[in-house]
There are 2 protein chains.
Amino acid sequence: MGRNSLKDERQKEIIQKYYLVAKKEGIENTSIAKIALEMDINPSLIIHYFKNKEELNYALVDFILEKYLIIYKRQNVEEDDLKGYLVELIDKLFSKKWNALFNDSIFYSCYAIGFRDNIIKGKFKRLHDSLRKHLSDVLMKCKIAGVIQIDSPEATADLIYVLVDGAYYYLSLISERGEYENKLKSYKEYAFGLLKI
Amino acid sequence: MGRNSLKDERQKEIIQKYYLVAKKEGIENTSIAKIALEMDINPSLIIHYFKNKEELNYALVDFILEKYLIIYKRQNVEEDDLKGYLVELIDKLFSKKWNALFNDSIFYSCYAIGFRDNIIKGKFKRLHDSLRKHLSDVLMKCKIAGVIQIDSPEATADLIYVLVDGAYYYLSLISERGEYENKLKSYKEYAFGLLKI
DNA sequence: AAATTAATTGAATGTTCATTCAAAATTACG
DNA sequence: CGTAATTTTGAATGAACATTCAATTAATTT
């Protein structure tokens, strides 16, 4: 009996708006009051759904990291085309769109908070390990199928992600379009070189 | 005539304290008031020396980035031992101490601000280009002297720094000592592999 | 000692903030 | 319709904030 709960939807709405506001103004300049203003609701409603700002931040980190996992959830899998799958994956990892989609101020701000908050650090660690594990599994399958010749799928996957992370770190500083594209291309070629493709 | 200016010393003291407070509490939780409290001075004195918080932040970024350049300023240079110099440099780049010294919450927080502040983004870009240029110069000298065989010193230097940046990004998430050291070691070996040393 | 310059303090400003609480509005069910 | 659950509002709290301004203190020179 009683009214139906809107908790899940509202919480998601709030976090999404939080993300948008923070993206524009920076996480350090984003307050509960500002999110509420933007949503045209009362600040106390946000507290009603999230208890306090810390909880709100944890939810934001989860939101960001979940988005990241799309990389291996939205991909065509054709049973027989292992190599095609791998190439598509690497192509996506080193794509401008990918960087624009997931690499931003909020991501690094949250990452930085991880230095002082082990819960957040753990969330990031789990994300990156999960990405590495996925690539490693793909590489292992390719190796068994004779598509690629590498020693350790695990080490290679790790190295490729080190490359991805380092690449985006530097690329995000580049404002000149040509320079950006040249670099990105050369990093990608290098990654393919690791796989001897 | 009149009293001598303490401007330079005071500014440096303030920025250093800012850095320390921010390291402990996070840059987003650090206020002028807190820095003043920690220094046992009046908040208005900080404004006297820095005009406003934005100026204070620019100075903090300069402070952090200057520290970074130590890597190629504090190194023994023996004219005839090019290879030794190179090995020492790479060793240093991939060292735990190095990571601990320069890789922290504040660094990434400031980097993140760069996404919305082109002045700060420019400062980071210049730092990283300067690091790359230095390594590239060293590699060029080594190549001419026949110490290493590589194609492009510039591209190799770039790649090594991509590796360094990506490595520290991931390593900072690792809390287990053994895992950290193994990874770091393997990344370093890989960098040496790039130089065929 | 007087004049000058800069450092430093202290009080005050108005704003924004997270959070609390009680009251009101809304929806569902019997 | 009445009860129960949940949403939503609105007002209030006290703390913290960046910044201002005028007044005071301290060092330096003539």
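In this text the structure is predicted, and so the values were computed from the model without any measurement. In the text below, chain A, chain B and the rest are named by the order of the sequence lines, each starting its count at 1. No hydrogens, no waters, no symmetry mates; every other heavy atom, side chains included, goes into these values.
Note on Lys12(A) versus Asp8(A): no salt bridge recorded, every NZ/NE/NH1/NH2 to OD/OE distance being 4.0 Å or above. We find that Glu176(B) and Lys183(B) are not joined by a salt bridge, their nearest charged nitrogen and carboxylate oxygen being 4.0 Å or further apart. Lys34(B) and Glu38(B) are not joined by a salt bridge, as no carboxylate oxygen comes within less than 4.0 angstrom of a charged side-chain nitrogen.
The stretch residues 18-29 of chain A has no heavy atom under 4.0 Å from DNA chain D, so no residue of it qualifies as close. DNA chain D lies under 4.0 Å from at least one heavy atom of each of the following residues of residues 40-49 of chain B: Ser44(B), Ile47(B).
Distance, Met39(B) CE to dA7(C) P: 13 Å, rounded to whole Å. Atoms CD1 (Ile14(B)) and C1' (dT8(C)) sit 11 Å apart, rounded to a whole Å. Residue Lys34(A) contributes atom NZ, which lies 15 Å from atom P of dT15(C) at whole-angstrom precision.
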Requested in this report: Please assess Leu82(B) against Leu86(B) for the test side-chain contact (heavy atoms from CB on, under 4.5 Å), listing each intermediate value before the final yes or no.
Outcome: CA-CA 6 Å; Leu82(B) 262 175; Leu86(B) 177 60; over 6 Å; no
* Using the side-chain contact (heavy atoms from CB on, under 4.5 Å) rule, take Tyr68(B) and Phe124(B) through it: C-alpha gap first, then chi angles, then the decisive distance, then the call. => CA-CA 11 Å; Tyr68(B) 232 94; Phe124(B) 271 86; over 6 Å; no
ask   = Stepwise, does the side-chain contact (heavy atoms from CB on, under 4.5 Å) test hold for Leu135(A) with Leu139(A)?
value = CA-CA 6 Å; Leu135(A) 180 56; Leu139(A) 292 180; 4.2 Å; yes
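Between the side chains of Tyr170(A) and Asp158(B), no donor N or O sits under 3.5 Å from an acceptor N or O.
Put simply, the side chain of Asn29(A) gets close to the backbone of Glu25(A): a donor and an acceptor are under 3.5 Å apart. Under the 3.5 Å distance criterion, the side-chain polar atoms of Tyr111(B) are matched with a main-chain donor or acceptor of Tyr169(A).
With sequence neighbours excluded, no residue satisfies salt bridge (Lys or Arg N to Asp or Glu O under 4.0 Å) with Arg126(A). Take Asn182(B) and apply the side-chain contact (heavy atoms from CB on, under 4.5 Å) test, not counting sequence neighbours, and it matches no residue.
If you walk DNA chain D from 5' to 3' and mark each nucleotide with an atom closer than 4.0 Å to a heavy atom of chain A, the marks span dT3(D) to dG10(D).
Under the 6.0 Å cut-off for aromatic ring centres, Phe102(B) and Trp98(B) qualify, their centroids lying closer than that.
Nearest-nucleotide assignment on DNA chain C puts the 5′-proximal partner with Arg10(B), out of Ala33(A) and Arg10(B).
When each of Tyr18(B), Tyr19(B), Phe107(B) is tested with Phe63(B) by the rule ring pair (Phe, Tyr, Trp, His ring centres under 6.0 Å), just one qualifies, namely Tyr19(B).
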In B/S/- notation (B base, S sugar-phosphate only, - none; protein heavy atoms under 4.0 Å), nucleotides 25-30 of chain C written 5' to 3' is -BBSB-
